Peer 1: 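Below is a structure I'd like to ask you about.
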Amino acid sequence: MGDSYVTFLVLGIVLVVVDGQLIYHSGKAYLRRASYDEEQAGGMMKLTAVLFHLVVLGLLALVSTIDVDTGDSVKNVVVKLGVVLLLLALAHGVTMAILARIRDRQLQQQLADQMAEEHRIYDERQAHIGEPRPAPKIESPYSPK
């Protein structure tokens, strides 16, 4: 194993970890805006970030075994890093799509809950409209006190 192999792995791992941290921290804030509390958003993002890291590090390991021969070891590393960056971009995009779907589902659930509550309140009000009301007490000014 040459220096270019180690260089490629180190640079690839740094790129994956940095992107994974960006996804984790940005994703937590993104999910909190969809009414997830801090704990829920953190837990969801930990699971998502672990999945992201495992997938991309696995891809990095596979790309590291591909033999690229451009005649120059620096160019070999650049070509492999280019492939890793493209795969990283793809994984980042897929992760963002997953987070958007999670957030949309939470917002839809909130809307459904809100509509159900409004419907319940409306039904209660309508039930009271049909009830007979007691006649108001009218006192005559001529009645004895």
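All values reported here derive from a predicted model rather than from experimental measurement.
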Peer 1: Is Glu39 atom CD crowded by more than 12 heavy atoms from other residues, nucleotides or ligands, each under 6.0 Å away?
Peer 2: no
Peer 1: Assigning hydrophobic clusters by single linkage (Ile, Leu, Val, Met, Phe, Trp, Tyr; side-chain heavy-atom cutoff under 4.5 Å), is Leu86 placed with Leu59?
Peer 2: no
Peer 1: Would you check if there is a donor-acceptor pair between the side chains of Gln108 and Asp104 at a distance under 3.5 Å?
Peer 2: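 Note: Asp104 and Gln108 side chains miss the donor-acceptor criterion.
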Peer 1: Could you walk me through whether Val83 and Leu87 pass the side chain to side chain contact (heavy atoms under 4.5 Å, CB included) check?
Peer 2: CA-CA 6 Å; Val83 171; Leu87 292 171; 4.1 Å; yes
Peer 1: Restricting to non-hydrogen atoms, name the atom on Val16 and the atom on Val56 that form the minimum distance, rounded to 0.1 Å.
Peer 2: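 The pair with the smallest heavy-atom distance is CG2-CG1, 3.3 Å.
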Peer 1: Under 3.5 Å, is there a donor-acceptor pair between the side chain of Lys80 and the main chain of Lys75?
Peer 2: no
Peer 1: Among the clusters formed by ILVMFWY side chains lying less than 4.5 Å apart, do Val94 and Val17 turn up in the same one?
Peer 2: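 Same cluster.
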Peer 1: Ignoring hydrogens, what is the shortest heavy-atom contact between Ser64 and Leu9? Give both atom names and the distance.
Peer 2: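 Reported closest heavy-atom pair: CB-CD2, 3.8 Å.
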Peer 1: Do you reckon Leu62 sits in the same ILVMFWY cluster as Leu57, going by side-chain contacts under 4.5 Å, direct or chained?
Peer 2: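 In one cluster: no.
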Peer 1: Any side-chain heavy atom of Arg105 within less than 4.5 Å of one from Arg101?
Peer 2: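 Yes, close enough: below the 4.5 Å cut-off.
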Peer 1: So does Thr70 get a backbone contact from the side chain of Asn76, meaning a donor-acceptor N/O pair under 3.5 Å?
Peer 2: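 Yes: the side chain of Asn76 pairs with the backbone of Thr70.
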Peer 1: Run the numbers on Arg103 and Arg33 for side chain to side chain contact (heavy atoms under 4.5 Å, CB included), then give the verdict.
Peer 2: CA-CA 9 Å; Arg103 183 174 186 239; Arg33 285 193 302 267; 4.0 Å; yes
Peer 1: CG of Leu11 to CG of Leu85: how many Å apart, nearest 0.5 Å?
Peer 2: 9.5 Å
Peer 1: Show the numbers, then the answer: is there a side chain to side chain contact (heavy atoms under 4.5 Å, CB included) between Met44 and Gln40?
Peer 2: CA-CA 6 Å; Met44 185 72 69; Gln40 288 174 321; over 6 Å; no
Peer 1: Answer yes or no: is there a side-chain heavy-atom contact under 4.5 Å between Tyr5 and Val77?
Peer 2: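 Of all side-chain heavy-atom pairs linking Val77 with Tyr5, none is under 4.5 Å.
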Peer 1: Using atom types as modelled and distance alone, determine if a side-chain donor or acceptor of His119 lies under 3.5 Å from a backbone N or O of Met115.
Peer 2: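 No, the answer is negative, given that no donor and acceptor are paired below the 3.5 Å cut-off.
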Peer 1: Please determine whether residues Val74 and Phe8 belong to a single hydrophobic cluster, defined as Ile, Leu, Val, Met, Phe, Trp and Tyr linked transitively by side-chain heavy-atom distances below 4.5 Å.
Peer 2: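 Val74 and Phe8: separate clusters.
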Peer 1: Kindly indicate, with the supporting measurements, whether the criterion side chain to side chain contact (heavy atoms under 4.5 Å, CB included) is fulfilled by Leu88 and Phe52.
Peer 2: CA-CA 9 Å; Leu88 190 58; Phe52 173 84; 3.6 Å; yes
Peer 1: For a quick test of reading the model, state the closest non-hydrogen atom pair linking Leu99 to Gly27 and the distance between them.
Peer 2: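 In terms of heavy atoms, the two residues are closest at CD1-CA, 4.0 Å.
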Peer 1: Under the salt bridge (Lys or Arg N to Asp or Glu O under 4.0 Å) rule, collect the residues that match up with Arg32, sequence neighbours excluded.
Peer 2: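 If we apply the salt bridge (Lys or Arg N to Asp or Glu O under 4.0 Å) test to Arg32, skipping adjacent residues, the hits are Glu38.
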Peer 1: Tell me whether Ser26 contacts the main-chain N or O of Ile23 through its side chain, where contact means a donor paired with an acceptor under 3.5 Å.
Peer 2: no
Peer 1: Just verifying a value: how many Å separate Gln106 CD and Leu31 CG, rounded to the nearest 0.5 Å?
Peer 2: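 Reported value, rounded in 0.5 Å steps: 8.5 Å.
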Peer 1: Quick one: does Glu117's side chain get under 4.5 Å of Gln114's, heavy atoms only?
Peer 2: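 Side chain of Glu117 against side chain of Gln114, heavy atoms only: no contact under 4.5 Å found.
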Peer 1: Do Tyr24 and Leu15 sit in the same hydrophobic cluster, where Ile, Leu, Val, Met, Phe, Trp and Tyr count as joined when their side-chain heavy atoms come under 4.5 Å apart?
Peer 2: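 Yes, Tyr24 and Leu15 fall within the same hydrophobic cluster.
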Peer 1: For the pair Thr48 (side chain) and Met45 (backbone), establish whether a donor and an acceptor sit closer than 3.5 Å, ignoring hydrogens and angles.
Peer 2: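 The answer is no, because no donor-acceptor pair under 3.5 Å joins these two groups.
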